[in-house]
Amino acid sequence: MTINQKNQQFCLGIESTADDFSVGIADFNGEILANTSSAYIPETGGIHPREAARHHAQAAPAVLQEALTQAKIKPADLTAIAFAQGPGLGPCLRTGATVARALASYIDKPLVGVNHSVAHIEIGKLQTHAKDPLTLYASGGNTMVTAYASGRYRVFGETLDIALGNCLDVFAREAGLKHKKGLPLGAAVEQLAAKGKQLVPLPYVVKGMDLSLSGLLTAASTALQKGAFSLEDVCFSLQENAFSMVTEVTERALAHTEKREVLLTGGVAANKRLQAMLASIAAEHDANFTVVPQQYATDNGAMIAWTGVLAYTYGLTVPVAESFVKLRWRVDKVDVPWVKQP
Ligand code: ATP
Ligand code: FE2
C-alpha cells in the first residue's frame with residue numbers, strides 16, 4: 001500500500017532564520033519523517049546575513065530533495081508547507097520564505113507561517129511529552145522563560161541584552177576558539193568548562209525576573225586577556241554565573257506559575273551543566289524536568305513542520321501575497337489555539 005492510500009497527511013517545514021537552512025517533514029500524528037540541514041559557517045566572526053542567505057539559496061534544492069527522500073514521499077503527497085516567518089535575520093528569512101512560496105505555489109498547497117520561538121517550544125513538548133511546561137528557551141538569539149496562559153506563551157523573564165548562546169559564542173570567538181564541524185562554539189566552551197576548577201569573580205546580574213549577560217561577557221573576556229586565569233577556569237566561571245542567573249529566573253517563574261513540568265529547549269539545551277542546574281530546581285519544586293533531544297535542540301526543520309501541523313489544523317494558513325517575514329515577531333504575540341491548559 002502506498003502512503004497516500006493510508007490517507008496519511010504531511011507537512012514540510014522550512015527553517016532559515018539564521019545560519020542553518022533546514023527542512024523537516026512531520027505527519028499529522030507527530031511522527032518526524034525527515035529532518036535535514038545545511039549549515040553556513042562564517043569564515044570569520046559571526047553570521048554575515050547576506051552570505052548566509054546566499055548559502056541558503058544554494059543549499060535549498062539539495063536539502064529539500066534529501067528531506068523528501070528521507071520521508072519517502074513526493075511533493076504532491078504534502079498537505080501544507082510551513083516556513084519560519086520570524087523572528088530572525090531578514091535576508092535569511094526572506095530566502096526561506098521564497099523557497100516555501102515557490103514550493104506551495106508549484107504543488108498548489110497552503111502556506112503556514114510559523115513563529116520560530118513557538119516552534120522551539122512545540123518540538124520540545126512533542127519530543128518529551130511535556131503537556132503544560134514552564135519552558136526555558138535558550139539559544140543563539142533568545143533567552144526567555146515562558147509558560148502558556150490565556151491563549152499564548154507568555155514571557156515571565158528574559159535577557160535584557162544578549163542571549164545566552166550568543167554570550168558563549170562571542171566569548172569563544174574572543175578566546176580564539178574556532179568552529180569545528182559538528183561542534184557549536186557553546187559546546188566548545190562546555191568542554192573546556194568541564195576542566196575548570198577555580199571560580200573567577202564575575203558579575204551576576206538578575207533584575208527582577210530579567211537578567212543581563214553583556215557585562216558578564218565583557219568581564220569574562222577581560223579576565224582572560226589579563227592572563228591571570230586559565231581558559232578552562234574562565235569558561236567554567238562564565239557558565240556557572242550565566243547558568244545560575246537563568247536558573248534563578250526559571251525557579252522564580254516556577255514558584256509563581258506552579259507548573260508541574262520544566263522544559264529546556266533551544267540550542268543551549270544541549271549543555272549538561274545547564275541541564276543539571278535546572279533539574280535541581282525542578283526537583284525542589286516537585287516538577288518534572290525534561291530536555292529537548294539534541295537533534296531538535298538547535299535550529300531544525302522538523303520543529304517548523306510540526307508547528308505547521310498544529311497551526312494548519314486550526315486553519316492558520318497564510319496567503320502567498322501576505323506571507324512577508326516578521327523580523328521581530330515576539331513569542332507572546334502569537335495565538336496558539338491548539339494548546340489546551342490541562
Ligand atoms: P534563535 O533560536 O534565538 O533564533 P539560533 O537559531 O541561532 O537562535 P539555536 O540553533 O537554537 O539558535 O542555538 C544555537 C546556539 O546554541 C549557539 O549559540 C550554540 O553555541 C549553542 N549551543 C549548542 N550546543 C551547546 C552546548 N553544548 N552548550 C552551550 N551552548 C550550546
Ligand atoms: Fe533557534
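Because only heavy atoms are used, hydrogens play no part in the values below, and waters and symmetry mates are left out as well, while side chains stay in. Small disclaimer: the values here were computed from a predicted structure and weren't measured. One-based numbering, in listed order, for ligands and for the atoms of each.
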**Request:** Have a look at H116 and say which of its N, O or S atoms is nearest the Fe ion (ligand 2).
**Result:** NE2
**Message:** Looking at R330 and E158, is any side-chain nitrogen of the basic one under 4.0 Å from a carboxylate oxygen of the acidic one?
**Reply:** yes
**Prompt:** Based purely on interatomic distance, does A18 place a nitrogen or oxygen under 3.5 Å from a nitrogen or oxygen of ligand 1?
**Reply:** no
**Message:** Quick one, T17 with E15, criterion side chain to side chain donor-acceptor pair (under 3.5 Å). Give me CA distance, side-chain angles, the key distance, then yes/no.
**Reply:** CA-CA 6 Å; T17 56; E15 157 58 40; 2.6 Å; yes
**Request:** Report the C-alpha separation of F28 and Y312 in whole Å, then their side-chain angles, then the decisive distance to 0.1 Å, and conclude whether the ring-ring contact (aromatic ring centres under 6.0 Å, His included) test is met.
**Result:** CA-CA 10 Å; F28 278 42; Y312 176 84; 5.8 Å; yes
**Request:** Could you check atom 8 (O) of ligand 1 against the protein and tell me its nearest heavy-atom contact, residue, atom and distance included?
**Result:** G141 N, 3.1 Å
**Request:** Decide, yes or no, whether a salt bridge links D132 with R260 under the criterion of side-chain N to carboxylate O below 4.0 Å.
**Result:** no
**Prompt:** What atoms of ligand 1 come closer than 4.0 angstrom to any heavy atom of H120?
**Reply:** 2 (O), 11 (O)
**Message:** Could you check whether any side-chain heavy atom of M303 comes within less than 4.5 Å of a side-chain heavy atom of I121, counting everything from C-beta outward?
**Reply:** no
**Prompt:** Can you find an N or O of S139 that's nearer than 3.5 Å to an N or O of ligand 1?
**Reply:** yes
**Protein contact to atom 18 (O) of ligand 1 [nearest heavy atom, distance to 0.1 Å]** = D169 OD2, 2.7 Å
**Asked** T298 heavy atoms, cut-off 4.0 Å: which ligand 1 atoms fall inside?
**Response** 10 (O), 11 (O), 13 (O)
**Message:** Ignoring hydrogens and geometry beyond distance, is a side-chain donor-acceptor pair present between N29 and Q9 at under 3.5 Å?
**Reply:** no
**Request:** May I ask you to identify the nearest protein heavy atom to atom 30 (N) of ligand 1, giving residue, atom name and distance to one decimal place in Å?
**Result:** G186 CA, 3.5 Å
**Request:** Under 4.0 Å from a heavy atom of P184: give me the atoms of ligand 1 that qualify, with their elements.
**Result:** 19 (C), 20 (O), 23 (C), 24 (N)
**Request:** Verify the distance test for E15 against the Fe ion (ligand 2): any N/O/S atom under 2.8 Å, yes or no.
**Result:** no
**Residue pair V246 / L211, side-chain heavy-atom distance below 4.5 Å** = yes
**Prompt:** What are the atoms of ligand 1, with element, lying closer than 4.0 Å to any heavy atom of L168?
**Reply:** 29 (C), 30 (N)
**Message:** So for ligand 1, is G165 a polar contact partner (N or O within less than 3.5 Å, distance only)?
**Reply:** yes
**Item:** Residue and atom name of the nearest protein heavy atom (relative to atom 4 (O) of ligand 1), distance in Å to one decimal
**Value:** H116 NE2, 3.3 Å
**Complete:** The option among A187, A297, G267, A269 carrying the non-hydrogen atom nearest to atom 16 (O) of ligand 1 is G267
**Message:** Just checking Y40 against F21, ring centres under 6.0 Å apart?
**Reply:** no
**Message:** Quick check: do R94 and F324 have side-chain heavy atoms less than 4.5 Å from each other?
**Reply:** no
**Prompt:** If we only count N/O pairs under 3.5 Å, is T17 in contact with ligand 1?
**Reply:** no
**Message:** Between N35 and I25, is there a side-chain heavy-atom distance shorter than 4.5 Å?
**Reply:** no
**Request:** Write out the residue and atom name of the closest protein heavy atom to atom 27 (N) of ligand 1, then the distance separating them to 0.1 Å.
**Result:** E190 OE1, 2.8 Å
**Request:** Considering heavy atoms of the protein only, find what lies nearest to atom 6 (O) of ligand 1 and give residue, atom and distance to 0.1 Å.
**Result:** D299 OD2, 2.3 Å
**Message:** Is there a polar contact, in the sense of an N or O pair closer than 3.5 Å, between Y137 and ligand 1?
**Reply:** yes
**Request:** May I ask you to identify the nearest protein heavy atom to atom 12 (O) of ligand 1, giving residue, atom name and distance to one decimal place in Å?
**Result:** G140 N, 3.1 Å
**Prompt:** In terms of residue, atom name and distance, what is the protein heavy atom nearest to atom 28 (N) of ligand 1?
**Reply:** N271 ND2, 3.1 Å
**Request:** Test H120 against D299 for side chain to side chain donor-acceptor pair (under 3.5 Å), laying out the working first.
**Result:** CA-CA 8 Å; H120 271 294; D299 290 349; 3.0 Å; yes
**Complete:** Row for the Fe ion (ligand 2): angle OD1 (D299) to NE2 (H120), 10° precision, value 90°
**Request:** Please determine if K197 and E232 form a salt bridge, counting it only when a charged side-chain N lies under 4.0 Å from a carboxylate O.
**Result:** no
**Prompt:** Do R154 and T146 have side-chain atoms, one donor and one acceptor, less than 3.5 Å apart?
**Reply:** no
